[in-house]
Amino acid sequence: MWLDKPRKENAPLAGLKVLELARVLAGPWAGQILADLGADVIKVEGPEGDNTRIWGPPWVEHGGEKTSAYYHACNRGKRGIVADFRDAADLDRIAGLAGSADVVLENFKPGGLAKFALDYRTLAKANPALVYCSITGFGQDGPRRDEPGYDFVIQAMSGFMALTGEPQGDPMKMGVSISDLSCGLWAANAVQAALLMRHRTGKGQWIDMSLLDCSVGLLANQAMSYLATGQNPPRMGNAHAQVSAYGVFPTRDGQVVLAPANDALFRKLLSVLDRADLLEDERYATNAGRVEHRAEVDALIAEATARWSRDELLEACAKAAIPAGPINAIDEVFADPQTIARGMKITPEGMPGVRSPFTFSDAELALDDPSPAMGQHQTD
């Protein structure tokens with residue numbers, strides 16, 4: 001019953017069949033990653049469509065539809081069909097697709113698909129090799145399992161916002177939906193791990209992905225700082241808790257980021273800035289001293305960088321192999337020669353997008369198809 005569609009044979013996941021019962025961002029993001037890697041992903045939408053279709057402006061006109069740019073950011077490379085779960089014939093059709101799928105992605109509330117017989121336990125009876133990935137806000141168990149998961153709320157609950165922003169300012173969320181996006185990344189990784197395990201065991205399994213779990217999992221060194229000391233890491237704006245000088249510094253015509261993350265790099269930076277004399281002061285000679293005297297170090301470096309133009313300083317840092325960069329607006333990102341050289345912007349059938357950032361020595365991505373129009377691949 002699978003709606004066979006040829007994809008690039010040399011893509012890593014060519015031949016993999018994925019049924020996506022997901023909407024908004026985390027689930028569709030995972031599905032788009034798998035599609036870029038060559039999987040045949042069928043996106044199932046209800047009669048009202050994915051919520052993000054109307055999350056505009058901005059809008060994109062493509063395939064006779066006016067759809068939000070947001071929708072096209074996470075649904076590239078899929079085929080789209082419409083199914084009404086209140087209709088028995090539609091449910092039978094979706095169950096048939098699941099019966100021949102390798103993977104099901106879904107982000108309904110826990111237990112939400114059981115009443116439609118589209119839950120893992122039911123589908124695995126007919127398809128024991130199925131890898132079934134559930135994405136929810138808080139997971140399949142625990143006291144919050146039935147609460148809806150929204151990126152903004154998860155950013156607050158996971159500690160992200162407590163770590164983001166200026167020390168004396170308000171807690172801030174990220175400029176992208178990092179909790180949704182990271183969960184989609186983790187989910188795509190988990191799906192591929194389960195598929196490798198299936199290769200050994202012949203059996204599929206149920207993957208339980210939680211936005212909160214994934215965000216807590218990204219706390220990394222900040223979590224370890226708390227676990228090691230029992231103290232909450234402070235909000236530090238653009239500074240680094242363990243490194244100085246490290247941050248945003250002024251030039252005559254803009255700002256730059258400098259990240260001399262060890263003593264050798266700091267010495268190189270002082271040489272470029274013609275301030276090697278600072279090393280004669282024991283307060284600045286080691287990273288530990290610079291962290292202790294962070295405000296003084298930052299002020300001295302800022303005084304020196306302010307004499308330079310932005311591009312001249314960045315060029316000098318590049319020649320000296322000092323980590324430094326401009327603070328780009330999005331248009332500058334896509335005009336950057338490195339971004340262009342790496343082919344990060346793509347235009348399948350004229351629809352602009354950002355490719356998944358995989359580069360293989362002996363495989364290619366499947367990037368030829370834009371997001372599907374509503375019910376574009378519907379068949380009788």
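The analysis underlying the following values was restricted to heavy atoms, covering all of them including side chains, and did not include hydrogens, waters or symmetry mates.
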Under a 4.0 Å threshold between the charged nitrogen and the carboxylate oxygen, would [Y] count as salt-bridged to [X]?
{"X": "Asp151", "Y": "Lys173", "answer": "no"}
{"X": "Lys109", "Y": "Asp146", "answer": "no"}
{"X": "Asp369", "Y": "Arg7", "answer": "yes"}
{"X": "Asp102", "Y": "Arg198", "answer": "yes"}
{"X": "Arg275", "Y": "Asp277", "answer": "yes"}
{"X": "Arg121", "Y": "Asp119", "answer": "no"}

Would you indicate whether the side-chain heavy atoms of [Y] and [X] approach each other to under 4.5 Å?
{"X": "Ile346", "Y": "Pro352", "answer": "no"}
{"X": "Phe266", "Y": "Ile301", "answer": "yes"}
{"X": "Asn232", "Y": "Tyr226", "answer": "yes"}
{"X": "Val191", "Y": "Leu195", "answer": "yes"}
{"X": "Met374", "Y": "Asp50", "answer": "no"}
{"X": "Phe160", "Y": "Ile154", "answer": "no"}
{"X": "Arg23", "Y": "Asn107", "answer": "yes"}
{"X": "Glu20", "Y": "Asn75", "answer": "yes"}

- According to the interplanar angle, ranging from 0 to 90°, do the rings of Phe108 and Phe85 count as parallel (below 30°), tilted (30 to 60°) or perpendicular (above 60°)?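 Rings of Phe108 and Phe85: parallel, under 30°.
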
- Evaluate the ring planes of Tyr120 and Trp206, with Trp represented by its six-membered ring, and classify them as parallel (under 30°), tilted (30 to 60°) or perpendicular (over 60°).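 Because their plane-to-plane angle is under 30°, the rings of Tyr120 and Trp206 count as parallel.
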
- Applying ring-ring contact (aromatic ring centres under 6.0 Å, His included), which residue pairs with at least one partner in residues 344-372 are found, sequence neighbours left out?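 Those involving residues 344-372 do not exist here.
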
Of all heavy-atom pairs between [X] and [Y], which one has the smallest distance, and what is that distance?
{"X": "Ala117", "Y": "Thr122", "result": "O-CG2, 3.5 Å"}
{"X": "Cys74", "Y": "Val24", "result": "SG-O, 3.6 Å"}
{"X": "Ser100", "Y": "Lys17", "result": "O-CD, 3.6 Å"}

- Pair Glu296-Arg283, salt bridge (Lys or Arg N to Asp or Glu O under 4.0 Å): steps then yes or no: CA-CA 10 Å; Glu296 300 164 40; Arg283 294 174 299 173; 3.0 Å; yes

Can [X] and [Y] be counted as having a side-chain donor-acceptor contact under 3.5 angstrom?
{"X": "Arg145", "Y": "Ser210", "answer": "no"}
{"X": "Ser215", "Y": "Ser179", "answer": "yes"}
{"X": "Asp36", "Y": "Gln32", "answer": "no"}
{"X": "Tyr71", "Y": "Arg53", "answer": "yes"}

- Leu273-Val297 co-clustered via ILVMFWY side chain contacts under 4.5 Å: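 Per the 4.5 Å side-chain linkage, Leu273 and Val297 are co-clustered.
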
